[in-house]
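Report on the structure given below.
Proteins get letters first, then strands, A, B, ... in listed order; numbering begins at 1 in each. Every heavy atom of this structure was used, including side-chain atoms; hydrogens, water molecules and symmetry mates were not.
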Amino acid sequence: MVTDDAGQGGTAAGRDNKTGHQGGAGHSMVQLITPAGERVSHPEYDPWLKDVSDEQLCSLYEDLVVIRRIDKEATALQRQGELGLWPPLLGQEASQVGSVRALRDDDFIFPSYRENGVAYCRGVDLADILRVWRGAASGGWDPYTVNMAIPQIVIGAQTLHATGYAMGIQNDGADSAAIVYFGDGATSEGDVNEAMVFAASFQVPLVFFCQNNHWAISEPVRVQSHTQLVDRGTGFGIPSMRVDGNDVLAVMAATRVALDRARRGGGPTFIEAVTYRMGPHTTADDPTRYRDANELEDWAAKDPIGRVHALLDRKGLFTEEFETGVRTKADAVARELRAGCIGMPDPEPLDVFKHVYSTPNSWLDRQQDHYSRYLATFGDPEVATQEEGAR
Amino acid sequence: MVTDDAGQGGTAAGRDNKTGHQGGAGHSMVQLITPAGERVSHPEYDPWLKDVSDEQLCSLYEDLVVIRRIDKEATALQRQGELGLWPPLLGQEASQVGSVRALRDDDFIFPSYRENGVAYCRGVDLADILRVWRGAASGGWDPYTVNMAIPQIVIGAQTLHATGYAMGIQNDGADSAAIVYFGDGATSEGDVNEAMVFAASFQVPLVFFCQNNHWAISEPVRVQSHTQLVDRGTGFGIPSMRVDGNDVLAVMAATRVALDRARRGGGPTFIEAVTYRMGPHTTADDPTRYRDANELEDWAAKDPIGRVHALLDRKGLFTEEFETGVRTKADAVARELRAGCIGMPDPEPLDVFKHVYSTPNSWLDRQQDHYSRYLATFGDPEVATQEEGAR
Amino acid sequence: MTQMTFARAINSGLRRSLDNDPKVVLMGEDIGALGGVFRVTDGLQKDFGKHRVVDTPLAESGIVGTAVGLAYRGYRPVVEIQFDGFVYPAFDQIVSQVAKMHYRSRGTVKMPITIRIPFGGGIGSPEHHSESPEAYFAHTAGLRVVTPASPQDAHTMIQQAISCDDPVVFFEPKRRYHDKGEVDESLDPNSAPPMGRASVVTDGSDVTLVAYGPLVKTARDAATAAADEGVSVEVIDLRSLAPVDFATVEASVRKTGRLVITHEAGQSNGLGAEVAASITERCFYHLEAAPVRVTGFDVPYPYSKVEMHHLPNLDRILDGVDRALGRPNSLSGLEG
Amino acid sequence: MTQMTFARAINSGLRRSLDNDPKVVLMGEDIGALGGVFRVTDGLQKDFGKHRVVDTPLAESGIVGTAVGLAYRGYRPVVEIQFDGFVYPAFDQIVSQVAKMHYRSRGTVKMPITIRIPFGGGIGSPEHHSESPEAYFAHTAGLRVVTPASPQDAHTMIQQAISCDDPVVFFEPKRRYHDKGEVDESLDPNSAPPMGRASVVTDGSDVTLVAYGPLVKTARDAATAAADEGVSVEVIDLRSLAPVDFATVEASVRKTGRLVITHEAGQSNGLGAEVAASITERCFYHLEAAPVRVTGFDVPYPYSKVEMHHLPNLDRILDGVDRALGRPNSLSGLEG
Ligand SMILES: Cc1ncc(C[n+]2csc(CCOP(=O)(O)OP(=O)(O)O)c2C)c(N)n1
Ligand SMILES: Cc1ncc(C[n+]2csc(CCOP(=O)(O)OP(=O)(O)O)c2C)c(N)n1
Ligand SMILES: [Mg+2]
Ligand SMILES: [Mg+2]
């Protein structure tokens, strides 16, 4: 057996995943706003942003700030015991806002569990965003009212759903598109790769939107791949782009390019949005066990909000009035979020049996009947569920 | 709904998988022997064939011919009811011989079900090759005597086994390698893609050997991919080669390149061997239902054996004596194969229970005991198994 | 009424579903030009086009996962898994997605997906081609699991499965594909017996024999043979494996007092255990003897030279009937 | 003897196995620097290196499939599946490869793979994090399935599983990870009770109560509560779910004449069915009443606000005991 210390020259190199960064020089990363807030021009992507007015830029900024505020409030609610869990998206605001705001209402979104910023921009009711994390449901909202699927926890499974949905769009002869969100870790799952196979084979109108936030819980992206993730799309024959995921305009432009291709029958596109998970994986996680504080600092300097702030400053748009307006909005949203969370009615005991089937089922109906009888032997159904028993 | 006839411009194109061939101009195909039998030189690959003497070339030819003969005899045995099924490898002889003969004895092979030519070259007992297809076992041979795993029917599953085995080689500090065989259809399975993820992540000594024989039962390769399959490897950051799979020397050279990289700690390699399944998928298949006779003709002109014959001819090596020797050998192998098949002892009734566990199991032991008692109520255990019953 | 094979009856049912509802799409490996390896989809792509009868890439999770997406979009996908042993790569999508989506989405997203799986052994195939994985799915909340045993049931039940708003795993007893029977193709699936109902296929009074799928024929033959020995066997074809129509089984056992269950799947944690346990719960005091299971063994499906030792056949079933009746049998003398 | 948590006891057992056999390798997601999301592998990568405690890419089929290859090469892989609900992507590799390889290779290739799966609910987690998939594996020939219920068993059984030449699915009752107990770390696993044996954890004479994993504690508490009411409950911890040590259960039921089985998994086709059916087969004439199942419902594991309605608790178990004894209970008056 080769131990780590003994090393093994080249053959052991593969397991030393933490050292070094991902190689691959294939795709350069598209960036339209520098961390310092400079707007750099780009002949290929600028045309896709022609309609982005100062007003829109301000509104993008507002979304970024509000989402960060939602994230913070939800984290606080979790700490206060109002939520069971929360997966912070701190640092990924630009990836989420830039992509979702490129969509039309009739486009359909398949998220993972972390796209709560996307849900906000899509108009999902604030309490509904928290419903799952409060443990009051497995799915928070009606997908058809916002054209956004419920969160997906099984890593990568939603990529196939998005592909199938896009097959449906194609069959319907519609010119809308689907977009699917997933992480860097997800790229290793068979499902994500099969989704690319199907999407490429049938040339469906779909955007694969990969937020490479550099971590899958404790695993750095290099465990999943030594080359850029964007290369993966290329390998399936899918046109692929690599963009600065902390740059809301770069993300928006790339997503528009992809959507345009989809609407014109050009098939799927793969976008790698290079970003960073600045918080823990979830509120249950402790990243100090596995990652360097320095890394966080490096990325703090590339913050997605700071650079838009700086850009607006340069443009003279970041007035006190504007700032106050944004803060007021964020405060209001946070208040509404909290109120929606705390005021959410608890499910009823027999909700356990609800919606398993859409038509009656003799096995389950009998179980529900028996359990109702059981509950009826207690005055208070809460008493019936203490692990240690009431008797 | 869009019907096929209505078409749909670009958006419907994806489903018209049968028209057109795979695109992708990324990799040119390495060919060292033309279909006419000319040896074309190649600065990159020729050095890997320096040791291939005339004698070796003749022996490669012999293997090609013997394997084709085995395939023919096995097909006949199936038609005569001696085998339940047989998956012909007609047309893929060069891919199999060229790759397996590049290996060392201590390298380990993970085949699919079609690598019966590989098994022959590896020295697997002829009857053992047929054992599975006769229905006398699920695995034909002891993998450790020939360093070749038993056949795998679940498409792509063996690619992960090969990857894990190669992790073991790496841990052991050995300089051997593993090779895994799979088809064009298999590239769509999640497992094959996950295998490439793991192999690339850990940089294991493994050769992914994809025989693109253009068909997965009735599905042309374009259903799986619109780009060359070789691009897939590249997408995972795996060095990849595309070779003429009907050219035994090109296959051998490419496999040697890959093995050398593996032994030197350079990690995995992906080889796409472009070949053609000239027969049915299995003896149970009827390819006239789904493919054009013309296609077969085109490929007959690129036959892997014909071109080596022509090359030997050009070199003056294809003497009558040589030809007779090869024919005699092929006849002898065919006779031995047939004898081994027909003379194979049938398994015993209680073999049903054998080898499920390596240690006693109370559930199964009881079932075996009860079934023995049941059999004992019949004089002849054969009587006990008639579906319509003896009573 | 037309004489047709079991396979043809499914083909005809699929055709009717495709005809009646433009949202029905068929997906699978080799189901197009080839018509499937068993020819069950023969001619359908030709008649309905490549967008409704889709040859998919070779990836089972992909097939089921994209079906979920199509259902999300309002389609009714009918998925073919080529053989029983190849459903496992799709297990996650079936168990975590197909089965749970309606629950997870609080009833907003329907999953009217039919997953067709040719299953069972006895056809001399190599490994992975003869398995009986029904218990995995019958244990999975959110799914319905059915299996027809006659061409007529095949014809109506496939249509009922497709029009059901819940996901249905539809097991097709492949060794009966070539069996023929009378089929009324014009029968309205809405007025035919619902797929959830078990059916008493042979009346009897001494013992209840429960079977499904490929073994229904064997069970009927066993009943005929038993009649020769003066034993009256009531044969029930379960048809639905999840939920099992226990009311029908219970009524029979209350009458006979004795129960034999047979299936090809391995015994432990198979359907037979559920039937035995539930019937014991429901009519313990009517049982004259312990329910008897006559099943495959707890082994990987064996190679073809010995598969007939694994599969319950007429004699093994009769031996089980004898055990239930306390007549001399292969285990006589062992304490039971 | 040392006081330690259940999780720590497994950690200590894994450490011993790594120490004793250089062929043991651990694989999984986040098991390295993080020590696993439950910290069960805490510190092991630091001490044994990245080649023996391997953080893998995020792909469960990949993890199990590469473990098969390592076993082919002579290794003894111990695989961690992060949560019960994430084992399904690996289902094909487990069912078609791990379980069958020894059979398929006619005994030449051993698969000494241990698949560790934290399972069960009651921890307030979102969906997919609280499932009880044991029946799927217990129905799969070629696998052994075990689950410890105490820190001492966790410590010895993990070592027994790793040294077993057959593949073992090792279910860890995650809501008991923090429970403490006395553990003798020096206990030789070879002289400890084998993992295949059930254990009578509370003696009793009126009714046999069978539990496993997380519910053993609840069952013991129920026995204590029942004793207050003058009912003597014998509690059996199955420990092994495939095969079940029916001899031990049978001996108890022959004594008590009554049987209650409890598990978190959905009732239909769960382990309870097999236990009820097998025990009925083995000692029908000793049973005074039908075996009673107290289990989770046939629903996807529910969200945390209602999970305690799904999970059997002390009162529901006692209600089941009452049913088995014919005492007044929630179903009194319904025909049984
Ligand atoms: C199939 C499956 N395996 C494991 C997990 C446990 N898990 C939850 S999140 C996660 C990491 C995901 O990483 P990535 O895809 O990069 O997304 P991110 O969390 O960074 O947004 C893992 C392993 C899961 N949810 N699903
Ligand atoms: C998981 C799985 N799905 C389906 C099948 C049925 N099947 C057997 S061979 C085959 C086609 C394989 O095509 P390819 O990978 O190109 O290999 P080839 O047969 O051409 O050598 C299919 C679909 C299978 N064996 N395993
Ligand atoms: Mg990530
Ligand atoms: Mg092929």
Should A/W363 and C/F246 count as side-chain neighbours, where that means a heavy-atom distance under 4.5 Å? yes
Could you tell me which portion of C/A242 (side chain, backbone, both or neither) has an atom closer than 4.5 angstrom to a non-hydrogen atom of chain A? both
Sequence neighbours left out, what passes salt bridge (charged side-chain N to carboxylate O under 4.0 Å, His left out) with C/R116? Give chain and number order. C/E80, C/E172
Proximal component of C/A59, with respect to chain A [non-hydrogen, under 4.5 Å]: both
If you take all heavy atoms of C/D55 and A/F202, which pair is closest and at what distance? O-CZ, 3.7 Å
So, does C/Y72 use its side chain to make a donor-acceptor pair with the main chain of A/H161 at under 3.5 Å? no
Any idea which of C/L143, C/D245, C/V64 has the most non-hydrogen atom pairs under 4.5 angstrom with chain A? C/L143
Heavy atoms of A/V197 and C/P57 approach each other most closely as CG1-CB, 3.6 Å
Qualifying ring-ring contact (aromatic ring centres under 6.0 Å, His included) pairs, either residue in residues 174-194 of chain A, two or more places apart: A/Y181-A/F209
Supply the atom-to-atom distance A/M167 CE to C/T56 OG1, rounded to the nearest 0.5 angstrom. 8.0 Å
Considering all heavy atoms of both residues, which atom of C/G62 and which atom of A/L160 are nearest to each other, and what is their separation? CA-CD2, 3.5 Å
Between A/A149 and chain C, which part of the residue has a heavy atom less than 4.5 Å away: side chain, backbone, both or neither? both
Working to the nearest 0.5 Å, report the span between CD of A/E189 and OG of C/S61. 9.5 Å
A/A195 versus chain C, the contacting section by heavy-atom distance below 4.5 Å: neither
Checked A/T145, A/N193, A/V154 vs chain C; the most non-hydrogen pairs under 4.5 Å come from A/V154
If you count heavy atoms of other groups shown closer than 6.0 angstrom to NZ of C/K255, is the number above 12? yes
Are there more than 12 heavy atoms of other residues, nucleotides or ligands under 6.0 Å from atom CG of A/D105? no
For chain A, which of C/M27, C/Q93, C/M101 has the most heavy-atom pairs under 4.5 Å? C/Q93
Nearest 0.5 Å, please: how far is CG in C/L70 from OG1 in A/T163? 10.0 Å
Those residues at least two apart in sequence (or on a different chain) that pass salt bridge (charged side-chain N to carboxylate O under 4.0 Å, His left out) with C/D153 are C/R239
Ignoring hydrogens and angles, tell me if any N or O in the side chain of C/H102 forms a donor-acceptor pair with the backbone of A/H355 under 3.5 Å. yes
Could you tell me the separation between the OG atom of A/S176 and the CZ atom of C/R73, rounded to the nearest 0.5 Å? 5.0 Å
Looking only at A/V356, A/V132, A/I153, A/D351, most heavy-atom pairs under 4.5 Å shared with chain C are made by A/V356
With chain A, which of C/G142, C/P89, C/C164 has the greatest number of heavy-atom pairs at distances under 4.5 Å? C/G142
Quick one: does C/D165's side chain have a donor or acceptor within less than 3.5 Å of a partner on A/T359's backbone? no
Scored by heavy-atom pairs under 4.5 Å with chain C, the best of A/G140, A/P151, A/G139, A/A199 is A/G139
Applying a heavy-atom distance below 4.5 Å, give me the residues of residues 104-112 of chain C that approach chain A, sorted by number. C/R104, C/S105, C/R106, C/G107, C/T108, C/V109, C/K110
Side chain, backbone, both or neither: which part of A/Q152 has a heavy atom under 4.5 Å from chain C? both
Engaged part of A/P347 at the chain C interface, taking heavy atoms whose separation is under 4.5 Å: neither
Under the criterion side-chain contact (heavy atoms from CB on, under 4.5 Å), I'd like the reasoning laid out for C/R144 against A/N361: C-alpha separation, chi angles, the key distance, then a yes or no. CA-CA 9 Å; C/R144 294 179 183 276; A/N361 180 290; 3.9 Å; yes
Checking C/V68 against A/Y165 for the side-chain contact (heavy atoms from CB on, under 4.5 Å) test, could you report, in this order, the C-alpha distance in whole Å, the side-chain angles of both residues, the deciding distance, and whether it holds? CA-CA 8 Å; C/V68 169; A/Y165 190 95; over 6 Å; no
Segment of A/F198 engaging chain C (4.5 angstrom heavy-atom cut-off): both
